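Report on one structure; see the data block that follows.
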2 protein chains.
Amino acid sequence: MNIGKASLATGVSAKMIRYYESVGLIRPSERTESNYRDFSERDLNDLRFIRRARSLGFSVEEISRLLSLWRDRNRPSREVKAMAEKHVADLDARIKEMQAMADALRDLSRCCAGDDRPDCPILSDLAGSPAAASQGVTP
Amino acid sequence: MNIGKASLATGVSAKMIRYYESVGLIRPSERTESNYRDFSERDLNDLRFIRRARSLGFSVEEISRLLSLWRDRNRPSREVKAMAEKHVADLDARIKEMQAMADALRDLSRCCAGDDRPDCPILSDLAGSPAAASQGVTP
DNA sequence: CTAAACCTTCCCGTCATGGGAAGGTCAATG
DNA sequence: CATTGACCTTCCCATGACGGGAAGGTTTAG
């Protein structure tokens, strides 16, 4: 199966497949006489695995580890679980950061008239105006 | 004020200041006779503005627009508010994606024994096992 | 005067991905 | 059988927002 079919069959773009090969995430596939890549069913399964793992936000490096655990029949599930939990923690941290940004901006937005006038608490905040806009107790 | 002091005064690294200049986010500062950058108070205010905007997740391109709005005394606050709302929407979308990832992984993790045994619903899921692990109604 | 601590520019690496050029191969159609 | 279009190959470049570090000039403290 050439790279185009493999791409269709797995949802991983041809570009990505070549990239994954180049960084050692997948083993180089077989080649035909004319030097076309030739993917086996097993290769396709690896690609599907990678695609799913990417969709869960794992980095290529993490997936590399996950792939070897997958291939190791004697892996302790402990290791996999630890990776998953670490990744969840990373995600949660990033989510929290972004939540803080969004919340701060929502606050500022709420206080901005959003009309033709130039007065704008959002810009005031960015400019470091001490009189920022958080409807809270301003003593 | 040279770039080191400016960096200390604004919390923007010297590298970043040069970068912002190179991409046209800030105007090139004055230079001393010996070609050192020489920042004015106004430059520092711009840098602080940028720092705050970056901390709210705005891209350099968006900040470029925000800076011109800030400098324009006749800006309609409508434009600023629109940018803020768009950015909040972007953040929310990304947060939602990451939440979905984290939730899915938490589900899988919960079902993984995490011990010495090799059986692992996380790997099964990545491998596309139809018998995935979502404690739900499996008919 | 010298050495440390600055500054300058320039180039490379990150991470996962897309774009595109130049050139070889395969399949279907005239 | 030849052509054409749709593939494939490798190689290089770009993204965004930085950081690292080299080579060389400047300032400042001792």
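Bear in mind that the values here come from a model prediction, so they are computed numbers and not experimental data. Chain letters run A, B, ... following the sequence lines, proteins first, then strands; residues in each count from 1. Below, all heavy atoms of this structure are taken into account, side chains as well, without hydrogens, waters or symmetry copies.
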For DNA chain D, which nucleotides open and close the run of contacts to chain A, 5' to 3', at under 4.0 angstrom from a non-hydrogen atom?
D:dC7 to D:dC11
Quickly work out the [X] [atom1] to [N] [atom2] distance and round it to whole Å.
{"X": "B:Met1", "N": "C:dC7", "atom1": "CE", "atom2": "P", "result": "12 Å"}
{"X": "B:Leu8", "N": "C:dC6", "atom1": "CG", "atom2": "C1'", "result": "12 Å"}
{"X": "B:Lys15", "N": "C:dC11", "atom1": "NZ", "atom2": "P", "result": "13 Å"}

Quick note, ring pair (Phe, Tyr, Trp, His ring centres under 6.0 Å) partners involving residues 73-110 of chain A, not counting sequence neighbours, are A:Phe58-A:His87
B:Ser22 meets the side chain to side chain donor-acceptor pair (under 3.5 Å) criterion, sequence neighbours left out, with none
Of B:Ser13 and B:Glu33, the one whose closest DNA chain D nucleotide lies more 5'
B:Ser13
Residues B:Arg51 and B:Asp46 bridged, charged N to O under 4.0 Å
no
Between the side chains of B:Arg117 and B:Asp119, is the shortest nitrogen-to-carboxylate-oxygen separation below 4.0 Å, so that they form an ion pair?
no
Look up atom [atom1] in [X] and atom [atom2] in [Y], then write down how far apart they are to the nearest 0.5 Å.
{"X": "B:Arg54", "Y": "B:Leu47", "atom1": "CZ", "atom2": "CG", "value": "13.5 Å"}
{"X": "B:Tyr20", "Y": "B:Leu67", "atom1": "OH", "atom2": "CG", "value": "10.5 Å"}
{"X": "A:Ser29", "Y": "A:Tyr36", "atom1": "OG", "atom2": "OH", "value": "13.5 Å"}
{"X": "B:Asp90", "Y": "B:Lys86", "atom1": "CG", "atom2": "NZ", "value": "3.5 Å"}
{"X": "A:Leu56", "Y": "A:Ile63", "atom1": "CG", "atom2": "CD1", "value": "9.0 Å"}

Between A:Thr32 and A:Tyr20, just flag the one whose closest nucleotide in DNA chain C comes earlier from the 5' side.
A:Tyr20
Please set out all donor-acceptor pairs under 3.5 angstrom arising from side-chain atoms of residues 94-106 of chain A, sequence neighbours excluded.
from, atom 1, to, atom 2, distance (Å)
A:Asp103, OD1, A:Arg106, NH2, 3.3
A:Arg106, NH1, B:Asp92, OD2, 2.9

Under 4.0 Å from any atom of DNA chain D, heavy atoms only: list the residues of residues 34-66 of chain A that qualify, in numerical order.
A:Asn35, A:Tyr36, A:Arg37
Check every strand shown and say whether A:Met16 touches a base, only sugar-phosphate, or nothing at a heavy-atom separation below 4.0 Å.
base
Determine whether A:Thr32 and A:Arg37 make a side-chain contact, defined as any pair of heavy atoms from C-beta on separated by less than 4.5 Å.
no
Return the angle between end axes of the helix from C:dC1-D:dG30 to C:dG30-D:dC1, with five pairs used per end and rounding to 10°.
20°
